[in-house]
Amino acid sequence: MDIQWPLVLFSLIAGTGGSLFAFVALSELVGGKGKTRFAATVTALVLIVVGGCLSMLHLASPQNAFAALTNIFSFSGISIELMLLGLTFVAAAYAIVVKRVRNAAAAKVLALVGGVLGLALGYFCGHGYVIEAQPTWMHEWLPLAYFGTSLACGAFAYDIIASRLGDGKEELRGRMPVALMVCTTISAVAVVAYAGALGFDAAMAHGSVFWGGVVLCGIVGTLGAGLVRLVGRAVPALPVDAIGLICAFVGGVSIRVLMWVCATGYLDLFAHTVPSVMLNL
């Protein structure tokens, strides 16, 4: 089956934005700098909006986008994604409360709600593909791989913002490296598990995507950057985070590409059956 690049990029970019806002929520609850949280919120909003625009590019016709909106409560894969893209309104409301209203309690509530929605966005961007028509997609590890790779990207992005704006050591009361290690481990475990569900023989048949993208970047590079941040306190955070984000992003794209190239090609959902299958019409 042809790789649907708009969907590949949508799921990872929007999922990264959601995970990034989840770190805003964690910082709001645990402790960190308001300047970092606000910059991360704006960045998350941009990523989610860009991802949302990309998600519309595969619908073949603008009428299908309107069909998705009019069937928002069908709870199809696309309708759930659209609901979760409503996270943009929560994040925008949080930014307004922080900058204009300055109500600490309201900010914490909005951050918590947005953080939960942000994590859900990364997961449900993958869950919509768990369908019986594609046996290689019928694994719960698929949405978890989407979630894990988005989470790793969001964690590195947040640490980059924190390091760029000041002393990132203050974020999460100094536990940001631990959070990074947890996120990169979740990503690596989920990616390995989904590759195993696909079948390692099938995955390894796509050599450069699997060995270069998934293994070298998505697992080794991402975990390595997280480990350096955890134990190499004397190493500057920004370059390590930048390498980690690049590796996590390449790994996230690669596992999504692997999903498409390992799919059975007898049913082209996205070229022929979008209205009836994906939009639940």
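Note that the coordinates shown come from a computational prediction; the quantities given were computed from them, not determined experimentally. Atoms considered below: every heavy atom in the structure, side chains included; atoms not considered: hydrogens, waters and symmetry mates.
Residues Ala14 and Leu121 approach most closely at O-CD2, 3.4 Å, considering heavy atoms. Taking all atoms of both residues into account, the shortest heavy-atom contact from Leu238 to Ser163 is CD1-CB, 4.2 Å. Closest heavy-atom contact between Pro143 and Val130: CD-CG2, 3.7 Å. Closest approach of Leu165 to Ala39, counting heavy atoms only: CD1-CB, 3.6 Å. Looking at every heavy atom in both residues, Leu151 comes nearest to Cys183 through CG-SG, 3.6 Å. Here the shortest heavy-atom pairing between Gly213 and Ser254 reads CA-OG, 3.1 Å.
Taking the side chain as every heavy atom from C-beta outward, Met259 and Trp137 approach each other to under 4.5 Å. Tyr129 has its side chain within reach of Trp260: a pair of non-hydrogen atoms, C-beta onward, lies under 4.5 Å apart. Put simply, the side chain of Val253 reaches to within 4.5 Å of the side chain of Trp5, judged on heavy atoms. A heavy-atom distance below 4.5 Å is not found between the side chains of Tyr146 and His127. Residues Phe23 and Met176 form a side-chain contact, since some pair of their non-hydrogen atoms from C-beta on lies under 4.5 Å apart. Side-chain contact between Thr184 and Phe156: present, with at least one pair of heavy atoms (C-beta onward) separated by less than 4.5 Å. A heavy-atom distance below 4.5 Å is not found between the side chains of Phe10 and Val50. Residues Val240 and Ile243 form no side-chain contact, since every pair of their non-hydrogen atoms from C-beta on lies 4.5 Å or further apart.
Remark: of the listed residues Leu29, Leu26, Leu117, Leu29 is the sole one forming a side chain to side chain contact (heavy atoms under 4.5 Å, CB included) with Leu112.
No path of Ile, Leu, Val, Met, Phe, Trp and Tyr side chains, each step under 4.5 Å between heavy atoms, connects Leu45 with Val97, placing them in separate hydrophobic clusters. The same ILVMFWY cluster, assembled from side-chain heavy atoms under 4.5 Å apart, contains both Leu245 and Ile186. Both Leu223 and Val192 are assigned to one and the same hydrophobic cluster, defined by single-linkage of ILVMFWY side chains at heavy-atom distances under 4.5 Å. Follow the hydrophobic side-chain contacts under 4.5 Å out from Met204 and you never reach Val250; the two are in separate clusters. The cluster map of Ile, Leu, Val, Met, Phe, Trp and Tyr, joined by side-chain heavy atoms under 4.5 Å apart, puts Val113 and Val98 in the same cluster.
Checking side-chain atoms of Ser11 against main-chain N and O of Val8 turns up a donor-acceptor pair under 3.5 Å. Remark: the backbone N or O of Cys217 is paired with a side-chain donor or acceptor of Thr222 at under 3.5 angstrom. Using modelled atom types, no side-chain atom of Arg229 and backbone atom of Asp241 make a donor-acceptor pair closer than 3.5 Å.
Atoms SG and CG, from Cys247 and Leu216 in turn, are 7.0 Å apart once rounded to the nearest 0.5 Å. Rounding to the nearest 0.5 Å places CZ of Arg256 at 9.5 Å from CG of Leu9. Between Phe210 atom CZ and Phe200 atom CZ the span is 6.0 Å, to the nearest 0.5 Å. We find the NE2-CD distance between His139 and Gln134 to be 11.0 Å, quoted to the nearest 0.5 Å. Distance check: Leu110 CG to Thr41 OG1 gives 10.5 Å after rounding to the nearest 0.5 Å.
The local environment of CZ in Phe89 is sparse, with at most 12 non-hydrogen atoms from other residues, nucleotides or ligands closer than 6.0 Å.
Listed by chain and number, the residues in a salt bridge (Lys or Arg N to Asp or Glu O under 4.0 Å) with Lys35 amount to none (sequence neighbours excluded).
A side-chain N or O of Ser27 and one of Tyr158 form a donor-acceptor pair less than 3.5 Å apart. There is no side-chain donor-acceptor pair under 3.5 Å between Arg164 and Thr36.
Taking the charged nitrogens against the carboxylate oxygens, Arg37 and Glu28 do have a contact shorter than 4.0 Å, which makes a salt bridge.
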**OP:** Could you walk me through whether Thr43 and Ile161 pass side chain to side chain contact (heavy atoms under 4.5 Å, CB included), step by step?
**Re:** CA-CA 9 Å; Thr43 305; Ile161 294 169; 3.8 Å; yes
Subject >> Phe21 vs Val24, side chain to side chain contact (heavy atoms under 4.5 Å, CB included): CA-CA, chis, key distance, verdict >> reply: CA-CA 5 Å; Phe21 193 75; Val24 172; 4.0 Å; yes
Subject >> Verdict with reasoning, Cys153 to Thr149, per side chain to side chain contact (heavy atoms under 4.5 Å, CB included) >> reply: CA-CA 6 Å; Cys153 287; Thr149 51; 5.6 Å; no
Subject >> Worked check of side chain to side chain contact (heavy atoms under 4.5 Å, CB included) between Phe249 and Ile13 >> reply: CA-CA 9 Å; Phe249 189 85; Ile13 291 174; 4.3 Å; yes
